[in-house]
Amino acid sequence: MLKILFIAAHRLNRSPSQRFRFEQYFSFLKQNDFDCKLSPLLDEADDKIFYSEGNFFSKVRIVIQSYFKRKKDLKEAGNYDIIFIQREAFMTGSTFFEKGLKKRKVKIVFDFDDAIWLPNVSEENKKFERLKNPEKTSEIISLSDLIIAGNNYLAEYAKQFNKNVYIIPTTIDTEYHKKQIVKKDERICIGWTGSHTTIQHFEHAVPMLKKLKEKYGDKIYFKVIGDENYFNDELNIRGVKWSFPDEIEQLSEIDIGIMPLPDDEWAKGKCACKALQYMSLEIPSVMSAMGMNCEIVSEGVNGFLAKEDDEWLEKISLLAEDSELRKKIGADARKTVEANYSVNSQKEKYLDVLKKSLR
């Protein structure tokens, strides 16, 4: 049996990036003689501290504690056939651990699903920004034996530093992501899912959502999942905390999903995870005409793309006023995910790419 150590920031079922990039493949890999172990840096208690405001000294403690966790991984690296690094081995700008793994002669697979070579620090951790070094991404790519990129934009960046690059899109477990029947009133729910670090993207849609509220009044309402501290009194929004056990139920309340993005380089690297979640649950969606969204969406068939507020307003209105159109778009969206962006559609390629890293 081949042994693979997954090095990532978070515990199992905590991070969308980890869940939809590699955790969903664990059972399939096990069936194909891979023994998978996840080594996260943050446990649940650390998580609450690390992504909250303040707590400077507690955060320093977590960084020091994380250093010794990675030292242990480095010491045990020789017991594994593959070390799979998602995004980075450590949360500072250092590549100390990646360099250490390279010296152990173990095969290194590097996976990334965002333009992480660009600066992007959460508001809660701005004080630590000087400790980050997004440019280290190119060095990690150079040190790795094989790269898995979430889309073509990321792959083109990686190919500057490593020729051994493969594209595997972010995928959905369609056996798990199945729409539930949720009891609700007749109002149309327009929803967004994300986190406290991406709520800034939702904010881009607020002016347009205000126009929708003026147009439809109490016939619609808005839902934000993932940042329980978010509120908007004018739109009567109170953010709902994301939790794994009721994730599908919370998403299934949404009648129309939205994915607004800023027009910048970071957004071009996004792998459309949010869109794929909506689509897998047969939720018709309107998304920013950016990056991978444009690859996934066939306009008016399995979703809609929009740029200006007027476009957003027009396309959400089409869906809000036509329940049959919502059903049709949602059904076609599900088929798109099943065919091209599901675990089942990509698992054999995933297995093959990992085996390639050993050759």
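Positions are given from 1, in the same order as the sequence printed here. If you're wondering where the values come from, they're calculated on a predicted model, not measured in any experiment.
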May I ask you to check whether [X] and [Y] show a side-chain donor-acceptor distance below 3.5 Å?
X: D145; Y: S357; answer: no
X: Y350; Y: Q24; answer: no
X: E295; Y: Y153; answer: no

Checking side chain to side chain donor-acceptor pair (under 3.5 Å) between Q250 and each of K241, K223, Q180, which is the one that passes?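 Output: one option passes, namely K223.
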
Between [X] and [Y], does any side-chain N to carboxylate O distance fall below 4.0 Å?
X: D322; Y: R326; result: no
X: E156; Y: K159; result: yes
X: R238; Y: D233; result: yes
X: D81; Y: K3; result: no
X: R14; Y: D47; result: yes
X: E338; Y: R334; result: yes

Stepwise, does the salt bridge (Lys or Arg N to Asp or Glu O under 4.0 Å) test hold for D114 with K270? CA-CA 5 Å; D114 273 320; K270 299 297 286 182; 3.4 Å; yes

Can a cation-pi geometry be assigned to R19 and F6, taking NZ or CZ under 6.0 Å from the six-membered ring centre and within 45° of the ring axis?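 No, a cation-pi geometry is absent between R19 and F6.
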
Looking at F304, is K315 sitting on its ring face, NZ or CZ under 6.0 Å from the six-membered ring centre and within 45 degrees of the normal?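 The answer is no; the distance or angle limit is not met.
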
Return yes when atom [atom1] of [X] has more than 12 non-hydrogen atoms of other residues, nucleotides or ligands closer than 6.0 Å, and no otherwise.
X: K215; atom1: NZ; value: yes
X: D263; atom1: CG; value: no
X: K72; atom1: NZ; value: no

Is there a chain of hydrophobic side chains (I, L, V, M, F, W, Y, each step under 4.5 Å between heavy atoms) that links I141 to V109?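 No, it is not one cluster - the side chains of I141 and V109 are not joined through contacts under 4.5 Å.
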
Kindly work out whether a path of hydrophobic side-chain contacts (I/L/V/M/F/W/Y, heavy atoms less than 4.5 Å apart) joins F28 to F20.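 Result: no, two separate clusters.
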
Output, in order, the C-alpha distance, side-chain angles, deciding distance and verdict of side-chain hydrogen bond (donor to acceptor under 3.5 Å, both in side chains) for S39 and R70. CA-CA 9 Å; S39 178; R70 285 292 177 254; 3.1 Å; yes

Once you round to the nearest 0.5 Å, how far does OH of Y221 lie from CG of D185?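 So the gap between those two atoms works out to 6.0 Å.
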
